[in-house]
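Okay, structure first, notes after.
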Amino acid sequence: MEAEKKAISLLSKLRNELQTDKPIIPLVEKFVDTDIWNQYLEYQQSLLNESDGKPRWFHSPWLFVECYMYRRIHEAIIQSPPIDDFDVFKESKDQNFFESQESIIALCTHLQQLLRAVEDLEENQLKNEFFKLLQISLWGNKCDLSLSGGESSSQKTNVINSLEDLKPFILVDDTEHLWTLLSNCKKTREKASVVRVDIVLDNSGFELVTDLILANFLLSSKLATEIHFYGKTIPWFVSDTTVHDFNWLIEQVKHSNHKWVSTCGADWESLIKTGRWVYHDHIFWTLPHEYCAMSQVAPDLYTELQKAHLILFKGDLNYRKLTGDRKWEFSVPFHQALNGFHPAPLCSIRTLKAEIQVGLQPGQGEQLMASEPDWLTAGKYGVFQYDGPL
Ligand SMILES: O=P(O)(O)OC[C@H]1O[C@](O)(CO)[C@@H](O)[C@@H]1O
Ligand SMILES: [Mn+2]
């Protein structure tokens, strides 16, 4: 009870600082990333003129303060032992999973039926199935909890039936490039060689299921031989996947009463045990830095990503960090916005929730702006945006 009281009082202090636009203060509790955060704070300070004083909540870059808020929430928890490993968002993440049961059953059933036929599929059929599962993973990104302020945003209908209707909302569709890349790898690879796809995960619950389904298909179709996943080290942006969420969800799926769901769960567990699925933790994903800084700030992670044949970045926050969350013109090429971040061929799979979008046709963004003022933030539109050799 004492620890809870302490955490609550630290959290109300944080809320007060935020609501009254106080200066952003250094982190105090020692943790693996405390020094890097405090250095970053100094860097933000150095960007200001003398007369501007300290960085403040309402006047600093949104990406920075939003990340800082989640990091401060974590600080309130680690300062309050014995509840210092408590995940304040766990309950809502789990709820999202339970509320999406019907869709999860539909997806797992679809996957299991597909896997039974996968060897006999013609090239074109395989390609279509690949595109379908990519789209499911894209629309799975609608279900994050930070956009809804933690309110329920689960998937209640069967998304497979909606894919055709949702197609017009895909603003950039580079999935052909992904197919060309992976099917060439499949054709040209030597017997024992590896084709590695890395997935930088976003939200737990329904979205994570869609990502695991895609990852399972990539192996079964031999489009890849290894999948590497990256999650968050600390609770992040409400619904983001931590290692606990990852393991918890696979365990839940495995113990489902539904035959095809539990088959998926058992298969996923054995993929992890045999090392064909690998989960990585790295503190960089919960730092405020944009990804073009990765090779300097986290060279080990950059080197790891360079081993991939393709990296899939899920979700909106990853997109903001890929593009530095700048006010780019809508028609600026994605490659340019990446600002030198090219560890391997990569693709952002993201529904639009924040006011940034690049790589559109000339006039496309302006047209949307005129007809639907909230097109950038409502999560209604999506992109598959690829960067790499064509
Ligand atoms: O889970 P996702 O797709 O990264 O979405 C998170 C997004 O939600 C917000 O927290 C609120 O819109 C954005 O700041 C952030 O980019
Ligand atoms: Mn998220």
Side-chain angles (χ1 to χ4, degrees), residues 18 57-58 60-74 87-90 92-97 100 134-155 159 169-171 199-211 229-246 249 284-291 311-328 337 346-358 373-385:
L18 189 160
W57 285 89
F58 297 176
S60 302
W62 184 38
L63 178 62
F64 163 50
V65 284
E66 206 180 6
C67 290
Y68 174 77
M69 179 187 77
Y70 286 100
R71 182 60 181 80
R72 280 284 304 274
I73 293 174
H74 186 62
D87 179 345
V88 294
F89 304 124
K90 175 89 180 118
S92 45
K93 286 186 272 195
D94 294 358
Q95 191 188 347
N96 171 286
F97 172 80
S100 311
L134 279 170
Q135 286 165 41
I136 289 169
S137 166
L138 167 66
W139 299 122
N141 180 245
K142 269 188 173 179
C143 294
D144 86 287
L145 295 166
S146 65
L147 194 62
S148 56
E151 289 301 310
S152 163
S153 70
S154 50
Q155 180 65 39
V159 66
F169 301 106
I170 303 177
L171 297 179
I199 306 182
V200 183
L201 295 171
D202 186 5
N203 304 303
S204 185
F206 180 70
E207 180 171 358
L208 179 57
V209 174
T210 65
D211 299 334
F229 299 99
Y230 302 84
K232 307 293 197 292
T233 309
I234 63 173
W236 201 243
F237 280 67
V238 189
S239 37
D240 286 12
T241 307
T242 64
V243 69
H244 302 294
D245 301 323
F246 187 83
L249 183 136
F284 181 79
W285 303 115
T286 50
L287 292 175
H289 300 72
E290 46 196 288
Y291 292 161
I311 314 168
L312 303 177
F313 284 89
K314 288 295 316 278
D316 194 64
L317 178 61
N318 273 325
Y319 193 81
R320 291 170 63 196
K321 288 187 163 187
L322 283 166
T323 54
D325 215 25
R326 304 264 152 78
K327 205 171 179 348
W328 297 105
L346 62 86
C347 182
S348 161
I349 302 179
R350 167 240 185 180
T351 58
L352 282 61
K353 302 169 193 166
E355 276 146 340
I356 171 164
Q357 182 58 52
V358 296
D374 67 348
W375 68 284
L376 281 165
T377 51
K380 173 175 164 188
Y381 289 93
V383 293
F384 292 100
Q385 212 153 22

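First listed ligand is number 1; within each ligand, the first listed atom is number 1.
- Considering backbone and side-chain N/O of Arg320, one or more are found under 3.5 Å from N/O of ligand 1.
- Contacts between Glu66 and ligand 1 below 4.0 angstrom, taking non-hydrogen atoms only, involve the side chain exclusively.
- Looking at Gln385, its side chain does come within 3.5 Å of a backbone N or O of Val358 through a donor-acceptor pair.
- Using the six-membered ring where Trp is involved, Tyr291 and Trp285 have ring planes that are perpendicular, over 60° apart on the 30 and 60° scheme.
- Contact analysis leaves Tyr319 out of contact with ligand 1, as no non-hydrogen atom separation drops below 4.0 angstrom.
- At under 3.5 Å, not a single nitrogen or oxygen of Gly315, backbone or side chain, sits near a nitrogen or oxygen of ligand 1.
- With sequence neighbours excluded, the residues forming a ring pair (Phe, Tyr, Trp, His ring centres under 6.0 Å) with Trp375 are Phe330, listed by chain and number.
- Residue contacts with ligand 1: Asp202 is placed with a nitrogen or oxygen under 3.5 Å of a nitrogen or oxygen of the ligand (distance criterion only).
- Per residue Asp240, closest N, O or S atom to the Mn ion (ligand 2): atom name OD1.
- Under the rule for a side chain to side chain donor-acceptor pair (under 3.5 Å), the partners of Arg71 that lie at least two apart in sequence or sit in another chain are Asp33.
- The minimum distance between the Mn ion (ligand 2) and any N, O or S atom of Asp202 involves atom OD1.
- Within the 4.0 Å heavy-atom criterion, both parts of Asp316, backbone and side chain, lie near ligand 1.
- Ligand-side atoms of ligand 1 in range of Lys353: 1 (O), 2 (P), 3 (O), 5 (O), 12 (O), range being under 4.0 angstrom from any heavy atom.
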